[in-house]
2 protein chains.
Amino acid sequence: MPIEIPDVVIDRLPVYARALASLDRQGRDVVSSQELGAQLGVTPAQIRKDLSYFGRFGKQGRGYNVKRLLEELHQILGLDRKWRMVVVGVGQLGHAVLSYGGFAPQGFDIVEAFDADASVIGKQIGDLVVKPVAAMREALAGQHIDIGIVATPAAAAQQVIDALVESGVRAILNYAPIAAHVPRHVRVKDIDPVLSLQSMTFYLKSDLAHSPPK
Amino acid sequence: MPIEIPDVVIDRLPVYARALASLDRQGRDVVSSQELGAQLGVTPAQIRKDLSYFGRFGKQGRGYNVKRLLEELHQILGLDRKWRMVVVGVGQLGHAVLSYGGFAPQGFDIVEAFDADASVIGKQIGDLVVKPVAAMREALAGQHIDIGIVATPAAAAQQVIDALVESGVRAILNYAPIAAHVPRHVRVKDIDPVLSLQSMTFYLKSDLAHSPPK
DNA sequence: CCTCGATTGCGCAATTTTTCGCAAATGTAG
DNA sequence: CTACATTTGCGAAAAATTGCGCAATCGAGG
Ligand SMILES: NC(=O)c1ccc[n+]([C@@H]2O[C@H](COP(=O)([O-])OP(=O)(O)OC[C@H]3O[C@@H](n4cnc5c(N)ncnc54)[C@H](O)[C@@H]3O)[C@@H](O)[C@H]2O)c1
Ligand SMILES: NC(=O)c1ccc[n+]([C@@H]2O[C@H](COP(=O)([O-])OP(=O)(O)OC[C@H]3O[C@@H](n4cnc5c(N)ncnc54)[C@H](O)[C@@H]3O)[C@@H](O)[C@H]2O)c1
(Lines give C-alpha, C1' and ligand atoms only; values in the text may rest on other atoms or scores of the structure.)
(Ligands and ions follow the chains in the order given, each with its own letter.)
Protein backbone atom coordinates (compact mmCIF):
# COMPACT_ATOMS: atom_id res chain seq x y z
CA MET A 1 0.00 0.00 0.00
CA PRO A 2 2.61 2.58 0.88
CA ILE A 3 3.87 2.89 -2.69
CA GLU A 4 6.98 5.01 -2.51
CA ILE A 5 6.35 8.47 -3.91
CA PRO A 6 9.42 9.99 -5.54
CA ASP A 7 10.85 13.15 -4.01
CA VAL A 8 10.84 14.84 -7.41
CA VAL A 9 7.09 14.43 -7.53
CA ILE A 10 6.68 16.01 -4.12
CA ASP A 11 8.88 18.89 -5.21
CA ARG A 12 6.60 19.59 -8.16
CA LEU A 13 3.31 19.57 -6.30
CA PRO A 14 3.80 23.02 -4.73
CA VAL A 15 4.48 24.40 -8.19
CA TYR A 16 1.19 22.99 -9.41
CA ALA A 17 -0.52 24.38 -6.35
CA ARG A 18 0.89 27.83 -6.96
CA ALA A 19 -0.29 27.83 -10.56
CA LEU A 20 -3.74 26.61 -9.55
CA ALA A 21 -4.04 29.33 -6.94
CA SER A 22 -3.22 31.86 -9.62
CA LEU A 23 -5.81 30.39 -11.99
CA ASP A 24 -8.33 30.42 -9.17
CA ARG A 25 -7.71 34.09 -8.50
CA GLN A 26 -8.31 34.70 -12.20
CA GLY A 27 -11.69 33.04 -11.83
CA ARG A 28 -10.88 29.91 -13.81
CA ASP A 29 -13.02 26.91 -12.92
CA VAL A 30 -11.39 24.07 -14.80
CA VAL A 31 -8.01 23.48 -16.37
CA SER A 32 -6.58 20.61 -18.39
CA SER A 33 -3.21 19.03 -17.80
CA GLN A 34 -2.40 20.32 -21.25
CA GLU A 35 -2.96 23.94 -20.35
CA LEU A 36 -1.40 23.71 -16.92
CA GLY A 37 1.63 22.06 -18.45
CA ALA A 38 2.02 24.77 -21.06
CA GLN A 39 1.89 27.38 -18.34
CA LEU A 40 4.52 25.67 -16.22
CA GLY A 41 6.73 24.23 -18.89
CA VAL A 42 6.14 20.59 -18.00
CA THR A 43 4.47 17.88 -20.05
CA PRO A 44 0.79 17.15 -19.49
CA ALA A 45 1.65 13.49 -19.01
CA GLN A 46 3.92 14.35 -16.13
CA ILE A 47 1.23 16.31 -14.36
CA ARG A 48 -1.28 13.51 -14.78
CA LYS A 49 1.20 10.90 -13.61
CA ASP A 50 2.22 12.96 -10.61
CA LEU A 51 -1.36 13.45 -9.54
CA SER A 52 -2.20 9.81 -10.11
CA TYR A 53 0.01 8.87 -7.17
CA PHE A 54 -2.60 10.39 -4.92
CA GLY A 55 -5.94 9.76 -6.51
CA ARG A 56 -8.17 10.60 -9.43
CA PHE A 57 -8.96 14.25 -9.45
CA GLY A 58 -9.87 14.95 -13.06
CA LYS A 59 -12.78 14.36 -15.38
CA GLN A 60 -12.24 12.93 -18.83
CA GLY A 61 -13.03 15.36 -21.58
CA ARG A 62 -13.00 18.27 -19.14
CA GLY A 63 -9.87 18.51 -17.07
CA TYR A 64 -9.49 19.39 -13.40
CA ASN A 65 -11.67 21.53 -11.24
CA VAL A 66 -9.29 24.23 -10.11
CA LYS A 67 -10.62 24.75 -6.59
CA ARG A 68 -11.01 21.05 -5.95
CA LEU A 69 -7.51 20.14 -7.13
CA LEU A 70 -5.97 23.01 -5.21
CA GLU A 71 -7.66 21.79 -2.05
CA GLU A 72 -6.51 18.24 -2.64
CA LEU A 73 -2.93 19.39 -3.13
CA HIS A 74 -3.08 21.44 0.03
CA GLN A 75 -4.28 18.42 1.92
CA ILE A 76 -1.63 16.17 0.39
CA LEU A 77 1.15 18.60 1.20
CA GLY A 78 -0.10 19.43 4.66
CA LEU A 79 -0.85 23.02 3.76
CA ASP A 80 -4.27 22.91 5.35
CA ARG A 81 -2.80 23.82 8.68
CA LYS A 82 -0.33 26.21 10.31
CA TRP A 83 3.39 25.54 10.63
CA ARG A 84 5.47 27.15 13.31
CA MET A 85 8.92 28.39 12.34
CA VAL A 86 11.82 30.17 13.97
CA VAL A 87 14.52 32.26 12.31
CA VAL A 88 18.10 32.14 13.52
CA GLY A 89 20.39 34.92 12.32
CA VAL A 90 18.80 38.31 11.87
CA GLY A 91 21.20 40.06 9.53
CA GLN A 92 20.41 41.43 6.09
CA LEU A 93 18.81 38.24 4.90
CA GLY A 94 17.16 37.41 8.22
CA HIS A 95 15.51 40.82 8.15
CA ALA A 96 14.19 40.23 4.66
CA VAL A 97 12.85 36.84 5.70
CA LEU A 98 11.21 38.20 8.85
CA SER A 99 9.47 40.99 7.02
CA TYR A 100 8.55 38.91 3.99
CA GLY A 101 4.82 38.88 3.49
CA GLY A 102 4.85 35.62 1.56
CA PHE A 103 5.05 33.12 4.40
CA ALA A 104 2.08 33.83 6.63
CA PRO A 105 -0.62 33.65 3.92
CA GLN A 106 0.59 30.13 3.17
CA GLY A 107 0.32 29.07 6.79
CA PHE A 108 3.98 29.49 7.69
CA ASP A 109 4.22 31.50 10.89
CA ILE A 110 7.51 32.79 12.23
CA VAL A 111 7.09 32.70 15.99
CA GLU A 112 10.60 33.44 17.28
CA ALA A 113 13.80 35.04 16.03
CA PHE A 114 17.30 34.63 17.46
CA ASP A 115 20.66 36.23 16.93
CA ALA A 116 24.05 36.21 18.63
CA ASP A 117 24.84 39.89 18.23
CA ALA A 118 24.00 42.29 21.05
CA SER A 119 23.18 45.07 18.59
CA VAL A 120 20.36 42.99 17.13
CA ILE A 121 19.09 41.27 20.26
CA GLY A 122 16.08 43.04 21.69
CA LYS A 123 15.27 44.69 18.39
CA GLN A 124 11.62 44.56 17.40
CA ILE A 125 10.70 43.41 13.88
CA GLY A 126 7.03 43.17 13.10
CA ASP A 127 5.63 41.84 16.33
CA LEU A 128 8.67 39.75 17.19
CA VAL A 129 11.53 40.69 19.47
CA VAL A 130 14.90 39.18 18.60
CA LYS A 131 16.13 36.95 21.42
CA PRO A 132 19.68 35.85 22.25
CA VAL A 133 20.59 32.60 20.53
CA ALA A 134 22.29 31.50 23.74
CA ALA A 135 18.84 31.27 25.28
CA MET A 136 17.26 29.42 22.37
CA ARG A 137 17.00 26.04 24.11
CA GLU A 138 15.06 27.52 26.98
CA ALA A 139 12.92 29.72 24.76
CA LEU A 140 11.87 26.76 22.65
CA ALA A 141 11.61 24.22 25.45
CA GLY A 142 7.91 24.69 26.00
CA GLN A 143 6.76 25.11 22.45
CA HIS A 144 6.44 22.93 19.43
CA ILE A 145 8.43 24.28 16.50
CA ASP A 146 8.20 22.56 13.14
CA ILE A 147 10.75 24.35 10.99
CA GLY A 148 13.96 26.26 11.59
CA ILE A 149 15.23 28.88 9.18
CA VAL A 150 18.99 29.34 9.30
CA ALA A 151 20.33 32.70 8.13
CA THR A 152 23.60 32.94 10.01
CA PRO A 153 27.08 33.05 8.50
CA ALA A 154 28.39 29.70 7.28
CA ALA A 155 30.76 29.33 10.20
CA ALA A 156 27.92 29.30 12.73
CA ALA A 157 25.37 27.38 10.69
CA GLN A 158 26.13 23.78 11.63
CA GLN A 159 26.07 24.48 15.35
CA VAL A 160 22.85 26.44 14.98
CA ILE A 161 21.35 23.53 13.07
CA ASP A 162 22.45 21.12 15.78
CA ALA A 163 20.77 23.29 18.39
CA LEU A 164 17.57 23.50 16.35
CA VAL A 165 17.48 19.73 15.95
CA GLU A 166 18.06 19.37 19.69
CA SER A 167 15.08 21.60 20.21
CA GLY A 168 12.87 19.24 18.25
CA VAL A 169 12.72 20.97 14.89
CA ARG A 170 12.07 18.47 12.11
CA ALA A 171 12.84 20.57 9.06
CA ILE A 172 15.49 23.14 8.25
CA LEU A 173 15.44 25.82 5.59
CA ASN A 174 19.13 26.54 5.27
CA TYR A 175 20.41 29.73 3.66
CA ALA A 176 24.02 29.21 4.73
CA PRO A 177 26.43 27.89 2.10
CA ILE A 178 27.30 24.64 3.83
CA ALA A 179 26.37 20.99 3.49
CA ALA A 180 24.38 20.52 6.66
CA HIS A 181 24.57 17.33 8.68
CA VAL A 182 21.35 16.27 10.36
CA PRO A 183 19.83 13.05 11.72
CA ARG A 184 17.77 11.12 9.25
CA HIS A 185 14.41 12.17 10.62
CA VAL A 186 15.16 15.82 9.83
CA ARG A 187 14.54 17.32 6.40
CA VAL A 188 16.80 20.01 4.97
CA LYS A 189 16.29 22.27 1.99
CA ASP A 190 19.11 24.56 0.98
CA ILE A 191 18.75 27.92 -0.64
CA ASP A 192 21.96 29.13 -2.19
CA PRO A 193 21.85 31.62 -5.02
CA VAL A 194 25.58 31.20 -5.64
CA LEU A 195 25.14 27.51 -6.45
CA SER A 196 22.31 28.41 -8.81
CA LEU A 197 24.46 30.97 -10.55
CA GLN A 198 27.42 28.63 -10.76
CA SER A 199 25.43 25.99 -12.58
CA MET A 200 23.94 28.47 -15.02
CA THR A 201 27.36 29.75 -16.02
CA PHE A 202 28.20 26.31 -17.36
CA TYR A 203 25.69 26.90 -20.11
CA LEU A 204 26.47 30.58 -20.63
CA LYS A 205 30.14 29.84 -21.01
CA SER A 206 29.61 27.65 -24.05
CA ASP A 207 27.07 29.98 -25.64
CA LEU A 208 28.77 31.25 -28.72
CA ALA A 209 26.33 34.10 -29.11
CA HIS A 210 28.32 36.70 -27.29
CA SER A 211 27.79 40.08 -28.80
CA PRO A 212 25.39 42.55 -27.28
CA PRO A 213 23.15 43.82 -30.07
CA LYS A 214 24.54 47.17 -31.08
CA MET B 1 32.23 13.98 -29.01
CA PRO B 2 29.56 16.23 -27.54
CA ILE B 3 28.13 13.57 -25.24
CA GLU B 4 25.12 15.07 -23.57
CA ILE B 5 25.85 15.96 -19.97
CA PRO B 6 22.79 15.68 -17.71
CA ASP B 7 21.59 18.83 -16.00
CA VAL B 8 21.60 17.07 -12.64
CA VAL B 9 25.30 16.54 -12.99
CA ILE B 10 25.91 20.20 -13.72
CA ASP B 11 23.84 21.11 -10.68
CA ARG B 12 26.07 19.01 -8.45
CA LEU B 13 29.40 20.33 -9.66
CA PRO B 14 29.16 23.64 -7.75
CA VAL B 15 28.47 21.69 -4.60
CA TYR B 16 31.63 19.70 -5.13
CA ALA B 17 33.52 22.89 -5.85
CA ARG B 18 32.29 24.49 -2.66
CA ALA B 19 33.37 21.51 -0.58
CA LEU B 20 36.77 21.42 -2.27
CA ALA B 21 37.29 25.11 -1.60
CA SER B 22 36.56 24.46 2.04
CA LEU B 23 39.00 21.54 2.16
CA ASP B 24 41.60 23.70 0.45
CA ARG B 25 41.21 26.41 3.07
CA GLN B 26 41.74 23.75 5.69
CA GLY B 27 45.02 22.89 4.04
CA ARG B 28 43.99 19.52 2.69
CA ASP B 29 45.97 18.38 -0.33
CA VAL B 30 44.12 15.28 -1.46
CA VAL B 31 40.67 13.85 -0.93
CA SER B 32 39.03 10.61 -2.01
CA SER B 33 35.59 10.34 -3.55
CA GLN B 34 34.76 8.35 -0.43
CA GLU B 35 35.55 11.18 1.94
CA LEU B 36 34.07 13.89 -0.22
CA GLY B 37 30.91 11.86 -0.56
CA ALA B 38 30.59 11.35 3.17
CA GLN B 39 30.94 15.07 3.68
CA LEU B 40 28.28 15.92 1.14
CA GLY B 41 25.92 13.05 1.62
CA VAL B 42 26.31 11.61 -1.86
CA THR B 43 27.77 8.27 -2.90
CA PRO B 44 31.42 8.10 -3.94
CA ALA B 45 30.36 6.37 -7.14
CA GLN B 46 28.23 9.34 -8.05
CA ILE B 47 31.07 11.77 -7.61
CA ARG B 48 33.40 9.67 -9.70
CA LYS B 49 30.80 9.20 -12.40
CA ASP B 50 29.99 12.90 -12.49
CA LEU B 51 33.63 13.85 -12.83
CA SER B 52 34.25 11.21 -15.46
CA TYR B 53 32.07 13.17 -17.89
CA PHE B 54 34.82 15.74 -18.08
CA GLY B 55 38.07 13.88 -17.72
CA ARG B 56 40.28 11.89 -15.42
CA PHE B 57 41.27 13.98 -12.49
CA GLY B 58 42.12 11.42 -9.83
CA LYS B 59 44.95 9.07 -9.04
CA GLN B 60 44.25 5.45 -8.15
CA GLY B 61 45.15 4.64 -4.62
CA ARG B 62 45.31 8.33 -3.68
CA GLY B 63 42.23 10.27 -4.59
CA TYR B 64 41.99 13.75 -6.03
CA ASN B 65 44.37 16.65 -5.62
CA VAL B 66 42.16 19.27 -4.03
CA LYS B 67 43.61 22.36 -5.72
CA ARG B 68 43.80 20.68 -9.08
CA LEU B 69 40.24 19.39 -9.03
CA LEU B 70 38.92 22.70 -7.80
CA GLU B 71 40.61 24.46 -10.68
CA GLU B 72 39.24 21.97 -13.16
CA LEU B 73 35.73 22.44 -11.85
CA HIS B 74 36.09 26.20 -12.03
CA GLN B 75 37.15 25.89 -15.61
CA ILE B 76 34.34 23.48 -16.46
CA LEU B 77 31.72 25.72 -14.89
CA GLY B 78 33.14 28.92 -16.28
CA LEU B 79 34.06 30.26 -12.87
CA ASP B 80 37.50 31.27 -13.98
CA ARG B 81 36.18 34.59 -15.14
CA LYS B 82 33.89 37.43 -14.08
CA TRP B 83 30.17 37.52 -14.71
CA ARG B 84 28.26 40.76 -14.92
CA MET B 85 24.86 40.89 -13.25
CA VAL B 86 22.11 43.43 -12.67
CA VAL B 87 19.50 43.46 -9.94
CA VAL B 88 15.95 44.57 -10.64
CA GLY B 89 13.79 45.35 -7.63
CA VAL B 90 15.57 46.87 -4.68
CA GLY B 91 13.21 46.15 -1.81
CA GLN B 92 13.97 44.11 1.30
CA LEU B 93 15.34 41.19 -0.64
CA GLY B 94 17.04 43.29 -3.30
CA HIS B 95 18.89 45.13 -0.54
CA ALA B 96 20.06 41.88 0.98
CA VAL B 97 21.23 40.68 -2.40
CA LEU B 98 23.04 43.93 -3.20
CA SER B 99 24.90 43.99 0.07
CA TYR B 100 25.59 40.25 0.14
CA GLY B 101 29.29 39.61 0.28
CA GLY B 102 29.03 36.14 -1.20
CA PHE B 103 28.77 37.00 -4.88
CA ALA B 104 31.84 39.04 -5.70
CA PRO B 105 34.44 36.58 -4.34
CA GLN B 106 33.00 33.99 -6.71
CA GLY B 107 33.31 36.29 -9.68
CA PHE B 108 29.72 37.48 -9.78
CA ASP B 109 29.70 41.26 -10.01
CA ILE B 110 26.53 43.29 -9.66
CA VAL B 111 27.05 46.25 -11.95
CA GLU B 112 23.63 47.92 -11.99
CA ALA B 113 20.49 48.05 -9.88
CA PHE B 114 17.01 49.17 -10.95
CA ASP B 115 13.74 49.89 -9.25
CA ALA B 116 10.42 51.45 -10.15
CA ASP B 117 9.83 53.30 -6.93
CA ALA B 118 10.92 56.95 -6.64
CA SER B 119 11.80 56.52 -3.00
CA VAL B 120 14.45 53.96 -3.90
CA ILE B 121 15.72 55.42 -7.16
CA GLY B 122 18.87 57.44 -6.63
CA LYS B 123 19.68 55.67 -3.40
CA GLN B 124 23.27 54.58 -3.03
CA ILE B 125 23.99 51.01 -1.94
CA GLY B 126 27.62 50.02 -1.77
CA ASP B 127 29.05 51.78 -4.79
CA LEU B 128 25.93 51.44 -6.89
CA VAL B 129 23.19 53.99 -7.37
CA VAL B 130 19.72 52.61 -8.00
CA LYS B 131 18.45 53.66 -11.41
CA PRO B 132 14.88 53.90 -12.70
CA VAL B 133 13.72 50.67 -14.31
CA ALA B 134 12.07 52.74 -17.02
CA ALA B 135 15.54 53.64 -18.21
CA MET B 136 16.90 50.12 -18.05
CA ARG B 137 17.04 49.54 -21.80
CA GLU B 138 19.14 52.61 -22.34
CA ALA B 139 21.34 51.96 -19.32
CA LEU B 140 22.14 48.47 -20.53
CA ALA B 141 22.35 49.25 -24.22
CA GLY B 142 26.09 49.74 -24.27
CA GLN B 143 27.15 47.04 -21.88
CA HIS B 144 27.26 43.29 -21.89
CA ILE B 145 25.25 41.83 -19.01
CA ASP B 146 25.28 38.09 -18.45
CA ILE B 147 22.77 37.55 -15.68
CA GLY B 148 19.69 39.34 -14.38
CA ILE B 149 18.50 39.00 -10.81
CA VAL B 150 14.77 39.57 -10.41
CA ALA B 151 13.59 40.66 -6.97
CA THR B 152 10.40 42.52 -7.80
CA PRO B 153 6.89 41.56 -6.71
CA ALA B 154 5.36 38.70 -8.67
CA ALA B 155 3.07 41.01 -10.62
CA ALA B 156 5.97 42.86 -12.19
CA ALA B 157 8.34 39.93 -12.63
CA GLN B 158 7.42 38.64 -16.09
CA GLN B 159 7.61 42.05 -17.71
CA VAL B 160 10.92 42.71 -15.98
CA ILE B 161 12.21 39.38 -17.26
CA ASP B 162 11.06 40.24 -20.77
CA ALA B 163 12.94 43.51 -20.59
CA LEU B 164 16.07 41.80 -19.32
CA VAL B 165 15.94 39.27 -22.13
CA GLU B 166 15.45 42.11 -24.61
CA SER B 167 18.58 43.67 -23.19
CA GLY B 168 20.58 40.59 -24.01
CA VAL B 169 20.72 38.87 -20.64
CA ARG B 170 21.15 35.11 -21.06
CA ALA B 171 20.40 33.90 -17.55
CA ILE B 172 17.88 34.89 -14.90
CA LEU B 173 17.99 34.31 -11.19
CA ASN B 174 14.35 34.68 -10.31
CA TYR B 175 13.20 35.33 -6.75
CA ALA B 176 9.62 36.09 -7.69
CA PRO B 177 7.04 33.34 -7.16
CA ILE B 178 6.04 32.90 -10.78
CA ALA B 179 6.75 30.42 -13.56
CA ALA B 180 8.82 32.60 -15.84
CA HIS B 181 8.52 32.40 -19.61
CA VAL B 182 11.70 32.94 -21.56
CA PRO B 183 13.06 32.09 -24.99
CA ARG B 184 14.92 28.84 -25.16
CA HIS B 185 18.37 30.36 -25.21
CA VAL B 186 17.83 31.91 -21.78
CA ARG B 187 18.44 29.95 -18.57
CA VAL B 188 16.31 30.49 -15.50
CA LYS B 189 16.84 29.37 -11.92
CA ASP B 190 14.13 30.05 -9.41
CA ILE B 191 14.64 30.68 -5.75
CA ASP B 192 11.47 30.32 -3.77
CA PRO B 193 11.62 29.48 -0.09
CA VAL B 194 7.87 28.95 0.04
CA LEU B 195 8.06 26.12 -2.48
CA SER B 196 10.87 24.56 -0.45
CA LEU B 197 8.82 24.76 2.71
CA GLN B 198 5.74 23.40 1.01
CA SER B 199 7.51 20.27 -0.12
CA MET B 200 9.08 19.65 3.29
CA THR B 201 5.70 19.79 5.01
CA PHE B 202 4.63 16.75 3.03
CA TYR B 203 7.09 14.70 5.03
CA LEU B 204 6.51 16.47 8.34
CA LYS B 205 2.80 15.96 8.10
CA SER B 206 3.09 12.18 8.08
CA ASP B 207 5.74 12.09 10.82
CA LEU B 208 4.03 10.47 13.72
CA ALA B 209 6.74 11.55 16.13
CA HIS B 210 5.13 14.71 17.31
CA SER B 211 6.05 15.39 20.87
CA PRO B 212 8.85 17.74 21.78
CA PRO B 213 11.13 15.91 24.23
CA LYS B 214 10.09 17.08 27.67
C1' DC C 1 61.69 -4.93 -7.68
C1' DC C 2 57.80 -7.19 -5.38
C1' DT C 3 53.73 -7.02 -2.49
C1' DC C 4 49.84 -4.90 -0.54
C1' DG C 5 46.11 -1.78 0.66
C1' DA C 6 43.69 1.94 -1.42
C1' DT C 7 41.20 4.17 -4.93
C1' DT C 8 40.02 5.57 -9.62
C1' DG C 9 37.42 5.20 -14.14
C1' DC C 10 34.24 3.01 -16.48
C1' DG C 11 31.30 -0.79 -18.70
C1' DC C 12 27.27 -2.64 -17.45
C1' DA C 13 23.25 -3.75 -14.58
C1' DA C 14 19.66 -1.96 -11.69
C1' DT C 15 16.68 1.43 -10.50
C1' DT C 16 14.16 5.52 -11.09
C1' DT C 17 11.75 8.77 -13.76
C1' DT C 18 9.62 10.26 -17.86
C1' DT C 19 7.00 9.60 -21.84
C1' DC C 20 3.84 7.07 -24.78
C1' DG C 21 -0.39 5.24 -26.21
C1' DC C 22 -4.89 4.14 -25.72
C1' DA C 23 -9.37 2.51 -23.57
C1' DA C 24 -12.78 4.65 -21.00
C1' DA C 25 -15.28 8.73 -19.76
C1' DT C 26 -17.32 13.29 -20.35
C1' DG C 27 -19.83 16.98 -22.36
C1' DT C 28 -21.76 19.05 -26.54
C1' DA C 29 -24.19 19.47 -30.60
C1' DG C 30 -27.36 17.86 -33.70
C1' DC D 1 -30.03 9.09 -28.65
C1' DT D 2 -25.88 9.18 -31.43
C1' DA D 3 -21.65 11.02 -33.06
C1' DC D 4 -17.70 13.45 -31.97
C1' DA D 5 -13.99 16.08 -29.99
C1' DT D 6 -11.62 16.05 -25.54
C1' DT D 7 -9.09 14.61 -21.86
C1' DT D 8 -8.13 11.59 -18.00
C1' DG D 9 -5.67 7.55 -15.64
C1' DC D 10 -2.67 4.17 -16.06
C1' DG D 11 0.01 0.07 -17.83
C1' DA D 12 3.88 -0.47 -20.41
C1' DA D 13 7.86 1.19 -23.07
C1' DA D 14 11.59 4.29 -23.19
C1' DA D 15 14.91 7.19 -21.34
C1' DA D 16 17.62 8.92 -17.75
C1' DT D 17 20.13 8.33 -13.71
C1' DT D 18 22.34 5.82 -10.18
C1' DG D 19 24.95 2.12 -8.29
C1' DC D 20 27.91 -2.12 -8.78
C1' DG D 21 31.95 -4.54 -9.60
C1' DC D 22 36.37 -4.92 -10.88
C1' DA D 23 40.69 -4.41 -13.71
C1' DA D 24 44.17 -1.09 -13.68
C1' DT D 25 47.06 1.84 -11.26
C1' DC D 26 49.37 4.19 -7.50
C1' DG D 27 52.45 4.83 -3.60
C1' DA D 28 54.42 2.93 0.49
C1' DG D 29 57.17 -0.36 2.56
C1' DG D 30 60.25 -3.73 2.62
N1 LIG E 1 22.16 38.29 1.90
C2 LIG E 1 21.86 37.46 0.92
O3 LIG E 1 21.32 37.81 -0.12
C4 LIG E 1 22.17 36.03 1.08
C5 LIG E 1 21.82 35.23 0.05
C6 LIG E 1 22.05 33.91 0.14
C7 LIG E 1 22.62 33.38 1.24
N8 LIG E 1 22.98 34.15 2.24
C9 LIG E 1 23.56 33.50 3.40
O10 LIG E 1 22.71 33.76 4.48
C11 LIG E 1 23.48 33.94 5.65
C12 LIG E 1 23.21 35.30 6.22
O13 LIG E 1 23.52 36.28 5.26
P14 LIG E 1 23.40 37.81 5.61
O15 LIG E 1 23.71 38.55 4.39
O16 LIG E 1 22.11 38.07 6.29
O17 LIG E 1 24.60 38.00 6.67
P18 LIG E 1 24.67 39.02 7.90
O19 LIG E 1 26.08 39.04 8.34
O20 LIG E 1 23.98 40.28 7.53
O21 LIG E 1 23.78 38.34 9.02
C22 LIG E 1 24.21 37.24 9.78
C23 LIG E 1 23.58 37.34 11.15
O24 LIG E 1 23.80 36.13 11.86
C25 LIG E 1 24.12 36.48 13.21
N26 LIG E 1 24.86 35.38 13.82
C27 LIG E 1 26.18 35.08 13.74
N28 LIG E 1 26.47 33.98 14.45
C29 LIG E 1 25.31 33.57 14.99
C30 LIG E 1 24.96 32.48 15.82
N31 LIG E 1 25.86 31.57 16.21
N32 LIG E 1 23.68 32.36 16.20
C33 LIG E 1 22.76 33.25 15.81
N34 LIG E 1 23.02 34.30 15.02
C35 LIG E 1 24.30 34.44 14.61
C36 LIG E 1 24.91 37.74 13.10
O37 LIG E 1 24.89 38.43 14.31
C38 LIG E 1 24.16 38.47 11.99
O39 LIG E 1 23.11 39.25 12.50
C40 LIG E 1 24.91 33.72 5.26
O41 LIG E 1 25.26 32.37 5.48
C42 LIG E 1 24.92 34.00 3.79
O43 LIG E 1 25.93 33.28 3.13
C44 LIG E 1 22.76 35.47 2.20
N1 LIG F 1 11.87 38.99 1.32
C2 LIG F 1 12.09 37.69 1.17
O3 LIG F 1 12.63 37.02 2.08
C4 LIG F 1 11.72 37.01 -0.06
C5 LIG F 1 12.00 35.70 -0.12
C6 LIG F 1 11.70 35.01 -1.25
C7 LIG F 1 11.13 35.63 -2.30
N8 LIG F 1 10.83 36.89 -2.25
C9 LIG F 1 10.26 37.49 -3.43
O10 LIG F 1 11.15 38.48 -3.89
C11 LIG F 1 10.44 39.56 -4.41
C12 LIG F 1 10.81 40.79 -3.63
O13 LIG F 1 10.51 40.63 -2.28
P14 LIG F 1 10.74 41.80 -1.25
O15 LIG F 1 10.42 41.25 0.08
O16 LIG F 1 12.06 42.42 -1.48
O17 LIG F 1 9.59 42.82 -1.69
P18 LIG F 1 9.63 44.42 -1.58
O19 LIG F 1 8.23 44.88 -1.78
O20 LIG F 1 10.37 44.83 -0.35
O21 LIG F 1 10.50 44.89 -2.82
C22 LIG F 1 10.04 44.87 -4.13
C23 LIG F 1 10.74 46.00 -4.87
O24 LIG F 1 10.46 45.88 -6.26
C25 LIG F 1 10.19 47.19 -6.76
N26 LIG F 1 9.41 47.09 -8.00
C27 LIG F 1 8.08 46.93 -8.15
N28 LIG F 1 7.75 46.86 -9.44
C29 LIG F 1 8.90 47.01 -10.14
C30 LIG F 1 9.21 47.02 -11.51
N31 LIG F 1 8.29 46.86 -12.45
N32 LIG F 1 10.50 47.18 -11.87
C33 LIG F 1 11.46 47.33 -10.94
N34 LIG F 1 11.23 47.33 -9.62
C35 LIG F 1 9.95 47.15 -9.22
C36 LIG F 1 9.47 47.89 -5.66
O37 LIG F 1 9.58 49.29 -5.81
C38 LIG F 1 10.23 47.38 -4.43
O39 LIG F 1 11.34 48.19 -4.15
C40 LIG F 1 8.98 39.20 -4.30
O41 LIG F 1 8.57 38.61 -5.52
C42 LIG F 1 8.95 38.18 -3.22
O43 LIG F 1 7.88 37.29 -3.38
C44 LIG F 1 11.14 37.62 -1.14
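Throughout, a chain's letter reflects where its sequence line sits, starting with A, and its residues are numbered from 1. None of these values were measured; they are calculated from a predicted model. Only this structure's heavy atoms are used, side chains among them; waters, hydrogens and symmetry mates stay out.
Within 4.0 Å of Arg48(A), counting heavy atoms only, lies at least one base atom of the nucleic acid.
The side chain of Ser52(A) sits closest to dC10(D) out of dT17(D), dC10(D), dG9(C). When distances run from any side-chain atom of Lys49(A) to the nucleotides dC10(C), dG19(D), dT19(C), the shortest one goes to dT19(C).
Salt bridge Asp11(B)/Lys189(B): present, at least one basic N to carboxylate O contact under 4.0 Å.
Judged by the 6.0 Å and 45° rule, Lys205(B) forms a cation-pi pair with Phe202(B).
Not a single donor-acceptor contact under 3.5 angstrom links the side-chain atoms of Lys59(B) to the base of dG27(D).
Protein atom CD of Gln46(B) is 15 Å distant from nucleotide atom C1' of dA14(C), rounded to whole Å.
In this model, the phosphate group of dG9(C) is approached by a side-chain N or O of Tyr64(B) to a distance below 4.0 Å at OP1 or OP2. Taking only side-chain nitrogens and oxygens, Gln60(B) never comes nearer than 4.0 Å to OP1 or OP2 of dA24(D). Between dT25(D) and Arg62(B), no contact under 4.0 Å exists linking OP1 or OP2 to a side-chain N or O. For Arg12(A) and dT18(C), the shortest distance from a side-chain N or O to OP1 or OP2 is below 4.0 Å.
Residues Arg18(A) and Asp192(B) form a side-chain contact, since some pair of their non-hydrogen atoms from C-beta on lies under 4.5 Å apart.
Take the nearest nucleotide of DNA chain C for Val31(B) and for Ala45(A): the residue whose nucleotide is more 5' is Val31(B).
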